[in-house]
> 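Pasting a structure below so you can have a look.
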Amino acid sequence: MAGGKAKKEKARPAGHTPYQGGISFHKSKGQHILKNPLLVDSIVQKSGIKSTDVILEIGPGTGNLTKKLLEAGKRVIAVEIDARMVLELQRRFQGTPHSNRLQVIQGDVLKTELPYFDICVANIPYQISSPLTFKLLKHQPAFRCAIIMFQREFAMRLVAQPGDKLYCRLTVNTQLLSRVSHLLKVGRNNFRPPPKVDSSVVRIEPRKPALLVNQKEWDGFLRICFNRKNKTLGSIFRQKSVINLLEKNYKTLQALNPATAQEEDTNDVMEFMDEDMEMDDDGVDDGTEMEVEDGNAEGEVSEFKKKVLDVLKKSGFEGERSSKLKLQQFLDLLSQFNKDGIHFS
């Protein structure tokens, strides 16, 4: 395995070929090849591929899914980082009726400029799940949908609803940009070699038209809201650190020309690539109290703090929890803060 110590392998029965075509797969690269032909057929069927579609496949491996995609669509663009797999794909389809409809791009999909495609169907390395999802969602022109195999827990975060344990900042950010639905659960034994976790296939459809928000405002706002997702928003926004941050932003904007200070491009699609998006508050109260400042030594609350809390009270969100708010409610609350001159970036 690349980057690791060599391990002695147990003797295998004569003629036993554990890997397709004699190619060994690297778990460190997330190489787990679908071996169940019925599952491959099911994924293609649920993808709703049209005969005119240009299909993007990420991490095609030895081409089991690729073959079915070529049979269903007009053309397949396969992005593969492993040179061994690229050669295997080329050998597999060379001289077949599909060869002129397959384009293989060797490279890291996160660093590759993707060409036009109508639909993405992929069994991806799970370690790139978050950055790849948002790379796809910022791709222009927008594609029709993506059918992607994710680690099950990640997939369930994407499709979570308010009140679910896995509902988090990743959920809200994904659902801001797309409609997400769960298609099917996939057991680990459907892969070679089997991963340590189960998987799920998810359908992602970019919103058309897109919901327009200021990306920096939105990200800063959600970071605060999901810092303790099961605390009330009134409790979260009473934190000294939160008030200090918002007041600093407020004074900075007041010092600038209002006509230009608040006018930012709202058409940017968010680049949520940070790994901590999957690691928001898990809903377990660890017994620690947040740093809260109710007033100064005389018990007086600052005018700015009153301003912040008034927004929560007027909009009816003071007693609400982020873990139970819908996407539209987050959008409404951010809009109310901005109308009162309170900004998060």
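Each residue takes its place number in the sequence, starting with 1. Excluded from the calculations below are hydrogen atoms, water molecules and symmetry mates; all remaining heavy atoms, backbone and side chain alike, are included.
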> Check for a donor-acceptor pair, side chain of Lys135 on one end and backbone N or O of Thr112 on the other, with a separation under 3.5 Å.
yes

> Minimum heavy-atom separation for Pro206 and Ala142, please, with both atom names.
CB-CB, 4.4 Å

> Side chain to side chain donor-acceptor pair (under 3.5 Å) for Arg152 and Ser200? Distances and angles first, verdict last.
CA-CA 5 Å; Arg152 181 162 174 76; Ser200 279; 2.7 Å; yes

> Can you tell me how far apart CD1 (Ile81) and CD1 (Ile58) are? Round to the nearest 0.5 Å.
12.0 Å

> In the structure I gave you, are the side-chain heavy atoms of Lys306 and Lys313 within less than 4.5 Å of one another anywhere?
no

> Go through it in stages, so that I can follow the logic: the residues are Glu320 and Leu333, the test is side-chain contact (heavy atoms from CB on, under 4.5 Å), and I'd like the CA-CA distance, side-chain angles, deciding distance and then a yes or no.
CA-CA 11 Å; Glu320 298 290 340; Leu333 180 55; over 6 Å; no

> Between Asp108 and Leu110 (side chain of the first, backbone of the second, donor and acceptor by atom type, cut-off under 3.5 Å), is there such a pair?
yes

> Are side-chain heavy atoms of Leu331 and Val213 found at a separation under 4.5 Å?
yes

> Look at Arg188 together with Asp198 and state whether they make a salt bridge at an N to O cut-off of under 4.0 Å.
yes

> How far apart are the closest heavy atoms of Leu170 and Ser130, and which atoms are they?
CD1-OG, 4.2 Å

> If you compare all heavy atoms of Gly63 against all heavy atoms of Arg92, which two are closest, and at what distance to 0.1 Å?
C-NH1, 3.2 Å

> Under a 4.0 Å threshold between the charged nitrogen and the carboxylate oxygen, would Asp118 count as salt-bridged to Lys74?
no

> For the CD1 atom of Ile124 and the CD atom of Gln151, what is their distance to the nearest 0.5 Å?
10.5 Å

> Taking the side chain as every heavy atom from C-beta outward, state whether His182 and Met156 have any pair of such atoms under 4.5 Å apart.
yes

> Between Asp164 and Leu166, is there a donor-acceptor pair closer than 3.5 Å when you use the side chain of the first and the backbone of the second?
no

> Keeping the roles fixed (side chain from Asn173, backbone from Arg169), state whether a donor-acceptor pair exists under 3.5 Å.
yes

> What's the shortest heavy-atom distance between Arg228 and Ile236, and which atoms?
O-CD1, 3.3 Å

> Got a donor-acceptor contact below 3.5 angstrom from the Thr96 side chain to the His98 backbone?
yes

> Using atom types as modelled and distance alone, determine if a side-chain donor or acceptor of Lys229 lies under 3.5 Å from a backbone N or O of Cys168.
no

> Can you find a heavy atom in the side chain of Gln175 that is under 4.5 Å from one in the side chain of Lys326?
no

> Are Lys307 and Ile342 close enough that some pair of their side-chain heavy atoms sits under 4.5 Å apart?
yes

> Please confirm whether the ring centroid of Phe154 lies under 6.0 Å from the ring centroid of Tyr126.
no

> Output, in order, the C-alpha distance, side-chain angles, deciding distance and verdict of side-chain contact (heavy atoms from CB on, under 4.5 Å) for Tyr167 and Ser322.
CA-CA 9 Å; Tyr167 190 70; Ser322 298; over 6 Å; no

> Does Arg101 pair with Glu71 as a salt bridge, N-O distance under 4.0 Å?
no

> Provide the closest heavy-atom pair for Gly107 versus Val79 in the form atom of the first, atom of the second, distance.
O-CG1, 3.8 Å

> Mind running side-chain contact (heavy atoms from CB on, under 4.5 Å) on Phe191 and Asn123 for me, showing each step along the way?
CA-CA 10 Å; Phe191 299 89; Asn123 168 30; 3.8 Å; yes

> Do the rings of Phe143 and Phe117 sit parallel, tilted or perpendicular, given the 30° and 60° boundaries?
parallel

> Is there side-chain contact between Phe226 and Val172, with heavy atoms separated by less than 4.5 Å?
yes

> Within the 3.5 Å criterion, strictly below it, is a donor on Asp332 or Gln336 matched to an acceptor on the partner's side chain?
no

> Let me check something: do Leu65 and Leu87 share a hydrophobic cluster, defined by ILVMFWY side-chain heavy atoms less than 4.5 Å apart, either directly or through other members?
no

> Can a donor-acceptor pair be found, under 3.5 Å and without considering hydrogens, that links the side chain of Ser178 to the backbone of Ile204?
no

> Evaluate Tyr250 against Phe304 for ring pair (Phe, Tyr, Trp, His ring centres under 6.0 Å), listing each step before the verdict.
CA-CA 9 Å; Tyr250 181 78; Phe304 181 77; 5.3 Å; yes

> Yes or no on side-chain contact (heavy atoms from CB on, under 4.5 Å) for Leu136 and Ile148, after CA distance, side-chain angles and deciding distance?
CA-CA 11 Å; Leu136 290 175; Ile148 303 180; 3.6 Å; yes

> Please check this pair: side chain of Gln94 against backbone of Arg91, looking for a donor-acceptor N/O pair closer than 3.5 Å.
no

> Taking the side chain from Asn338 and the backbone from Ser335, do they hold a donor-acceptor pair closer than 3.5 Å?
no

> Find out whether Lys248 and Asn244 are in side-chain contact, i.e. whether some heavy atom of one side chain is under 4.5 Å from a heavy atom of the other.
no

> Working to the nearest 0.5 Å, report the span between OG1 of Thr66 and CG of Leu89.
5.5 Å

> Measure the spacing between CZ of Arg144 and OG of Ser47 and express it to the nearest 0.5 Å.
9.5 Å

> Describe, in one word, how the ring planes of Phe221 and Phe237 are oriented to each other, choosing from parallel (under 30°), tilted (30 to 60°) and perpendicular (over 60°).
tilted

> Can you tell me if Gln45 has over 12 outside heavy atoms packed within less than 6.0 Å of its CD?
no

> Could you see if Ile49 belongs to whatever hydrophobic cluster contains Leu184? Use Ile, Leu, Val, Met, Phe, Trp, Tyr and a side-chain cutoff under 4.5 Å.
yes

> Would you say the side-chain atoms of Gln106 pair up with the backbone N or O of Met85, donor to acceptor, closer than 3.5 Å?
no

> Is the shortest heavy-atom distance from the side chain of Leu69 to the side chain of Glu57 under 4.5 Å?
yes

> Can you measure from CG (Asn36) to CG (Asn189) and round to the nearest 0.5 angstrom?
10.5 Å

> Is Glu247 paired with Lys251 through a side-chain N to carboxylate O contact shorter than 4.0 Å?
yes

> Compare every heavy atom of Phe150 with every heavy atom of Leu158, then report the nearest pair and how far apart it is.
CD1-CE1, 3.5 Å

> Does one side chain, of Glu88 or Thr62, offer a donor that lies under 3.5 Å from an acceptor on the other?
no

> Under 3.5 Å, is there a donor-acceptor pair between the Glu217 and Ser345 side chains?
yes

> First locate atom CD of Gln161, then atom CG of Leu327, and finally report the distance between them rounded to the nearest 0.5 Å.
10.5 Å

